[in-house]
Structures are given as structure tokens and as C-alpha cells.
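We count residues from 1, following the sequence as given. Since the model is a prediction, treat every value here as computed from it, not as a measurement.
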Amino acid sequence: MDLRYVRYAMAIARAGSLRRAAAALHIAQPTLSEQLRALEKEIGVELFSRSSSGVTLTEAGEAFLAQATVAVDAFERAVAAARSKGETARLGVADGLADVAARLLSQLHTGRLRMAPMGTAEQIVSIADGALQAGLGYAPGSLPRGVGRMLIHRFPVRALLPREHHLASYEALSLSDLAGEPLIMPESDAVAGARRFLEGFVRHRLHPRLGPSAATHDLVINLVGEGTGYALCVRGDTTIPDTVVSIPIKEDIPQIEVVFLWNRQSDVNELVSAARHLARSG
């Protein structure tokens, strides 16, 4: 039986006439009438009583459509479920977190995932409106309703310096040691609220010397390696070249927090489980 004919019968019952049903379905009335007759012939009973004022369901028609409506709804749910399993989820990845994304992907058993470079703020908007299913970013402030957040790891801030720098041999550095050196800041959100580093200086009545900005996390590291200045925006577990060193900061500065964000209405249970594993393993 063609489900299309069943849907036509449902439309006729709702409209109460073949003419109105044909208009709603955007098909010719004779065509609709012919398909209704074909359905009734297949079933072996009349579904509608015809009159000059329209059509009404017969007792057999009422019984048929009561069950047919349930069957059509179940079929449509089955199609939606199958399509959702075949869809490719999108994972937003903030600048500087490609390695974290790789570790997350290593926990998955499905290949239906597409990564999209995207800042944390844009991820939140896209997750909230359903355009994005999940993301890896840096700790945001408040989140819209329906967006979940999981802390993956928290890193103390360290200074990244050229290996040949006169401060590179220190076991730990204070902000006063660094205040006179050019500070390279990211233009991206390679650290959520990267400007908080500046607040750390201000709290200690220091005035940092700002150096050039870099468009991406990797360019920050490159500029440091070239001796252009130092950075505070690189996570402690990031792989760095031999030309630079990472040194702890003595003062209390807001830590770098990497978070997993997801739409609570999306079917991303495997991603959420992988993120939990990542959080537990650090």
C-alpha cells in the first residue's frame, strides 16, 4: 500500500471535501478522486460517503483512519530516527585546541563528525540555535538555556619565552619580572578573556608593555620563538618547539580553562561520554 494514498485520505477527512483537500495538497481534484478510489479498491471498503455538500467518513473509514494515522506517525518517527543516525554532527573547535579535539576524537567509534574552526562565543550561539551540536572552547561566562558545559581541564598560566631570553633560566617568574618585556596577545580567543592577564598586572600596580598581537595561537608561539616577546596564553600541555621555554608564574592569575559545550537536545551522547573520559584523564 502506498502511504501517499493514506495521507491523501487523511487530508480529505480533515478538509471534508475533495475540492478543499485537492487545493491543500496542490494536486488536481480528479487525480485525488482517482487515487482515493484506488485506495478504497485495495482495502475493499468505501472510506467516504459522497454528497453534493462534501464527503464524510463511513464507519469503516473511521476505523481505518484511526489506525492508519498511528501507523503513518510511527513511520515518520522511524524515518526521522534513521536520518538522525546518518547525520554528521558538527564540533566547533576554538583556536589552540586542535590537540584536545584530536584526543576527543580518539575516544569515538563513529566517523560521523565534522570539525569547524570557531571561537567560543560563536560556538555558544550556534549550539543554542541548533546549527552546531557541540564544541571545544575556553571557559565562558553565562550560558543560554539548553547549552551544557563540562570542564575538560584547568591549566595554571605560564610564561612562554625564547630560550635565549635572559629570563629563560628562572625556575619561576613574577609579573614584575615580565612587565618590561613585550607581551604578545592573541587576537583570537586562544584564551577566554585573555585580557584578564592584563588585569593581573593591574592588581599588582604594574603596567605591562604590550607587544604585537598574533592572529592565532600558533602564530603566538612562532613570534615568541623568533624573539619578538613573551606570551601568557599557551596551555601548559601544548607541544612547543625547542626554541622556547615555559616557566611558571608566581602570582595568582586566572587559570586557562578548556570546556566542552553541547546542545542538550542533540543526540551527542557518545561525544559527551568521550568528553567525560577526557576530563577524568586530564
Side-chain angles (χ1 to χ4, degrees), residues 1-92 104-105 107-116 118 122-135 144-148 260-275:
M1 181 179 295
D2 192 334
L3 280 180
R4 181 180 47 172
Y5 294 168
V6 178
R7 291 191 176 98
Y8 288 166
M10 293 166 62
I12 294 168
R14 287 194 300 269
S17 84
L18 286 166
R19 180 180 55 81
R20 287 194 294 270
L25 294 167
H26 303 289
I27 61 176
Q29 183 176 333
T31 301
L32 181 60
S33 180
E34 180 183 343
Q35 291 171 343
L36 175 58
R37 283 196 300 271
L39 176 62
E40 289 177 323
K41 182 178 179 181
E42 183 174 355
I43 297 172
V45 296
E46 282 195 349
L47 300 177
F48 294 92
S49 296
R50 282 80 164 172
S51 70
S52 58
S53 59
V55 296
T56 56
L57 282 168
T58 63
E59 186 177 348
E62 290 178 353
F64 172 77
L65 285 184
Q67 298 300 320
T69 300
V70 174
V72 170
D73 288 345
F75 174 77
E76 290 176 347
R77 287 196 300 271
V79 170
R83 285 175 176 169
S84 69
K85 293 301 181 183
E87 289 176 353
T88 300
R90 293 179 69 227
L91 175 73
L104 181 69
L105 291 177
Q107 304 298 319
L108 302 178
H109 301 291
T110 177
R112 295 193 305 271
L113 184 67
R114 182 162 61 91
M115 291 193 294
M118 191 179 299
E122 186 182 356
Q123 287 182 33
I124 294 169
V125 173
S126 297
I127 290 171
D129 65 20
L132 189 73
Q133 286 70 51
R145 185 187 302 272
V147 178
F260 175 76
L261 306 164
W262 76 98
N263 187 317
R264 295 186 184 276
Q265 302 302 315
S266 296
D267 183 12
V268 289
N269 293 335
E270 188 182 7
L271 264 176
V272 173
S273 296

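Between atom CG of residue Leu271 and atom CZ of residue Phe260 there is a gap of 5.0 Å, rounded to the nearest 0.5 Å. For the atom pair CG (Leu104) and CG (Leu91), the distance works out to 6.0 Å, reported to the nearest 0.5 Å. One distance of note links CD of Gln133 with CD of Gln265; it measures 12.5 Å at 0.5 Å rounding. How far CD of Gln107 is from CD of Glu270: 10.0 Å, rounded to the nearest 0.5 Å. To the nearest 0.5 Å, atom CZ of residue Arg50 and atom OG1 of residue Thr58 are 9.0 Å apart. Summarising the geometry, atom CG belonging to Leu47 is positioned 11.0 Å from atom CD belonging to Glu62; distances are rounded to the nearest 0.5 Å.
Ser126 places a side-chain N or O within 3.5 Å of a backbone atom of Glu122 that can act as its donor or acceptor partner. When atom types are taken as modelled, the side chain of Gln123 and the backbone of Met118 share a donor-acceptor pair closer than 3.5 angstrom. A distance-only check finds no donor-acceptor pair linking the side chain of Arg90 to the backbone of Met115 [under 3.5 Å]. Not one N or O on the side chain of Thr31 forms a donor-acceptor pair closer than 3.5 Å with the backbone of Ile27.
Taking each heavy atom of Ala9 and Phe48 in turn, the nearest pair found is O-CZ, 3.5 Å. For Ser17 against Gly54, the heavy-atom pair with the smallest separation is CB-CA, 4.3 Å. When all heavy atoms are compared, the tightest approach of Ala13 to Leu57 is CB-CD1, 4.1 Å. Closest non-hydrogen pair, Thr69 versus Leu65, comes out as OG1-O, 2.7 Å. Between Phe64 and Leu39, the closest heavy-atom pair is CE2-CD2, 4.5 Å. Across every non-hydrogen atom of Ala28 and Ala22, the tightest pair is C-CB, 4.2 Å.
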Does the side-chain contact (heavy atoms from CB on, under 4.5 Å) test come out yes or no for Leu36 and Tyr8, once each step is laid out? CA-CA 7 Å; Leu36 175 58; Tyr8 288 166; over 6 Å; no

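Checked for salt-bridge contact, Lys41 and Glu34 miss the test: no charged N lies under 4.0 Å from a carboxylate O.
The only option from Ile127, Val268, Leu132, Asp129 that meets the side-chain contact (heavy atoms from CB on, under 4.5 Å) definition with Asn263 turns out to be Ile127.
Taking the side chain as every heavy atom from C-beta outward, Ile124 and Pro144 approach each other to under 4.5 Å.
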